[in-house]
Amino acid sequence: MPELPEVEVVRRGLETHVVGARILGAEVLHARPVRRDPLGPEGFAQAVAGRTVTAVRRRGKYFWLALDDTDAILGHLGMSGQMLVKTPGAPLERHLRVRFPLDSGADLRFVDQRMFGGLSYAPGGAVLPSEIAHIGRDPLDAEFDAEAVARRMRQRSSAVKRQLLDQTLVSGVGNIYADEALWRARLHGERPGDRLTRAQALDVIEQARAVMLQALDQGGTSFDALYVNVNGESGYFDRSLHAYGREDEPCDRCGAAIRRVAFMNRSSYFCPTCQPVPRRRRT
DNA sequence: ACCGGGACCTGGAAGC
DNA sequence: TGCTTCCAGGTCCCGG
């Protein structure tokens, strides 16, 4: 569910509400969300208890709470994860997985219906957890190198959409913003990377950056109550989408009906006129 | 190293 | 009213 803009909204909320607070303990209600933690549920709870949150950082779709400027709690929201700041007496969510009472009097909660997301203790990970060292920088990172990403894209034969979703190449882009970036760049997602011009590759990367920045200004994209900020509120960038989720609706540029096709076990939306299907490579 | 496909989960909505 | 099928914003891992 959440892509870079939605995770950044959550990061900002955590920064406002949690930095400076001490974690009194962790109640792990389901083991799966901490499956990546080698310490296991009890070890995780023990490692974070008594620690003070000194910063909240993000790269791509991952976020982490720095603990005492040295270690971290690394998190990913997967398809349905939420980080909520509640009062301890608030009713427990149906899919509440981990609960952190804080000395500020608030209750930090990780809620995740499908449990593709998770939390783990990252020793030494305050600045950048080693667990995500393989993830590429995201387009909002000051040190993001669009030229280098474009170069790599053009060296590979795999489809440009698959490459946009490859978190080791560029992080933060998911299915919604990949389709939106491709629509803006007038490129079909199945175009092989090595058949893009340098200008086209740079353009689609720039469109991804721009659309994610605009979505962030609107509080992210929400279709339902599954994606919410730390206060449980939805974003409203869904009103500004041009391709994603708009099957059979007219293209905002040319009026042709937006099409939906299955691609990579998911859906891709595109304008058949503005984003023509690439011709098959000559063998 | 890259490539494509399936697995991992739960539950809401649509179809019969 | 049921039951079944499809669909969902992500990643990881496998064999080729």
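Below, all heavy atoms of this structure are taken into account, side chains as well, without hydrogens, waters or symmetry copies. A note on names: the letters A, B, ... follow the listed sequences, proteins ahead of strands, and every chain is numbered from 1.
The side chain of R114(A) contributes no N or O atom lying less than 4.0 Å from OP1 or OP2 of dG10(C). Side-chain nitrogen and oxygen atoms of R266(A) include at least one within less than 4.0 Å of the OP1 or OP2 phosphate oxygen of dG10(C). For the OP1/OP2 pair of dG10(C) and a distance below 4.0 Å, the side-chain nitrogens and oxygens of Q167(A) include no atom meeting the criterion. The phosphate of dC2(B) has neither OP1 nor OP2 within less than 4.0 Å of any side-chain N or O from S158(A). Here S157(A) reaches the OP1 or OP2 of dC3(B): one of its side-chain N or O atoms lies under 4.0 Å away.
The same atom, P, is picked in dG6(B) and in dC6(C); the two are 15 Å apart, to the nearest Å. Comparing dG11(B) with dC12(C), their C1' atoms sit 23 Å apart, to the nearest whole Å.
For E233(A), the side-chain hydrogen bond (donor to acceptor under 3.5 Å, both in side chains) criterion is met by N229(A), not counting sequence neighbours. Every residue meeting the side-chain hydrogen bond (donor to acceptor under 3.5 Å, both in side chains) condition with T168(A), not counting sequence neighbours, appears here in chain and number order: D166(A).
Taking the six-membered ring where tryptophan is involved, the planes of W183(A) and H242(A) are essentially parallel, since the angle between them stays under 30° and well short of 60°.
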Give each protein N/O atom lying under 3.5 Å from an N/O atom of nucleotides 12-16 of chain C, with the pair distance.
residue	atom	partner	partner atom	Å
dC12(C)	OP1	Y62(A)	OH	3.3

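Here the closest heavy-atom approach between residue L24(A) and residue A49(A) is recorded as O-CB, 4.0 Å.
Stacking between F116(A) and the base of dC8(B) is present: ring centres sit under 5.5 Å apart and the planes differ by under 30 degrees.
Residues D194(A) and R156(A) are not paired through a salt bridge, judged by the lack of any N-O separation under 4.0 Å between the basic side chain and the carboxylate. Salt bridge annotation for R12(A)-E15(A): absent, with no cationic side-chain nitrogen under 4.0 angstrom from a carboxylate oxygen.
Outside the 6.0 Å centre-distance limit, the rings of F44(A) and Y121(A) are not counted as a close aromatic pair.
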Taking Watson-Crick and G-U wobble contacts under 3.5 angstrom, with | marking pairs to another strand and [ ] crossing pairs, the secondary structure of DNA chain C is written .|||||||.|||||||
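Y244(A) comes within 4.0 angstrom of sugar-phosphate atoms only, judged by non-hydrogen atoms across all strands, and of no base. Note on S267(A): only backbone sugar-phosphate atoms sit closer than 4.0 angstrom, heavy atoms only; bases stay farther off. As judged by a 4.0 angstrom heavy-atom cut-off over every strand, R260(A) is placed among residues touching the sugar-phosphate backbone only.
Listed by residue number, the members of residues 93-100 of chain A with any heavy atom below 4.0 angstrom from DNA chain B are R94(A), H95(A).
Between the base of dG6(B) and the side chain of N265(A) there is a donor-acceptor pair shorter than 3.5 Å.
For M115(A), taking side-chain heavy atoms from C-beta onward, the closest of the listed nucleotides dG4(B), dC9(B), dG10(C) is dC9(B). With dC3(B), dA8(C), dG9(C) as the choices, the nucleotide that has an atom nearest any side-chain atom of R156(A) turns out to be dC3(B). In the set dG11(B), dG10(C), dC7(C), the nucleotide with an atom closest to the side chain of H76(A) is dG10(C).
Evaluation of the side-chain hydrogen bond (donor to acceptor under 3.5 Å, both in side chains) test over residues 22-47 of chain A, restricted to residues two or more places apart or in two chains, returns none.
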